[in-house]
Amino acid sequence: LTGILVLALLCMDSWVFHQLYKNAWETDQINEALLKISHGDTKYKINAEEFDGKERELAENINHISRVLRCRKRYAVNA
């Protein structure tokens, strides 16, 4: 019985670690995208498929901002 309990706790710890690691990775990717776009790289795009939940929505919104900035930049050059 103790072995099963220890195994269950190890599985739960592994799952929690995975979730924390994934969340940190997603945050780093979003931060990197915002940094690149803020420095003028309007062609930068996040692969939103790699994200879950709110982070996916945020990645899609960042891609939209990048697209809008790129279009406005193109329009300003042509005007």
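Below, each value reflects all heavy atoms present in this structure, side chains not excepted, and no hydrogens, waters or symmetry copies.
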Q | Main-chain N/O of L35 paired to H39 side chain as donor or acceptor, under 3.5 Å | A | yes
Q. In Å and rounded to the nearest 0.5 Å, what is the SG to CG distance from C11 to L7?
A. 4.5 Å
Q: Give the cluster check for F17 versus L10: same hydrophobic cluster or not, with ILVMFWY residues linked at side-chain heavy-atom distances below 4.5 Å.
A: no
Q: Report whether I65 and Y44 are members of the same hydrophobic cluster (ILVMFWY, side-chain heavy atoms less than 4.5 Å apart, transitive linking).
A: yes
Q. More than 12 non-hydrogen atoms from neighbouring residues, nucleotides or ligands closer than 6.0 Å to CD1 on I4, yes or no?
A. no
Q.
Rounded at 0.5 Å granularity, tell me how far NZ in K54 sits from CD1 in I30.
A. 12.5 Å
Q.
Determine whether a donor-acceptor pair (N or O, by modelled atom type, separation under 3.5 Å) exists between the side chain of N23 and the backbone of Q19.
A. no
Q.
Let me confirm one number: the CD-CG distance from E60 to L58, rounded to the nearest 0.5 Å.
A. 10.0 Å
**Q.** K22, NZ: over 12 other non-hydrogen atoms inside 6.0 angstrom
**A.** yes
**Q.** Least distance between heavy atoms, I46 atom then Q29 atom
**A.** CD1-O, 4.4 Å
Q. Yes or no on side-chain contact (heavy atoms from CB on, under 4.5 Å) for D28 and E32, after CA distance, side-chain angles and deciding distance?
A. CA-CA 6 Å; D28 288 346; E32 181 181 342; over 6 Å; no
(Q) Can you tell me how far apart CG (D41) and CG (L69) are? Round to the nearest 0.5 Å. (A) 11.0 Å
**Q.** Pairing of E49 and R56 as salt bridge, 4.0 angstrom limit
**A.** yes
Q.
Return the CG to CD distance between N31 and E26, rounded to the nearest 0.5 Å.
A. 13.5 Å
**Q.** Donor-acceptor under 3.5 Å (S66 side chain, K45 main chain)
**A.** no
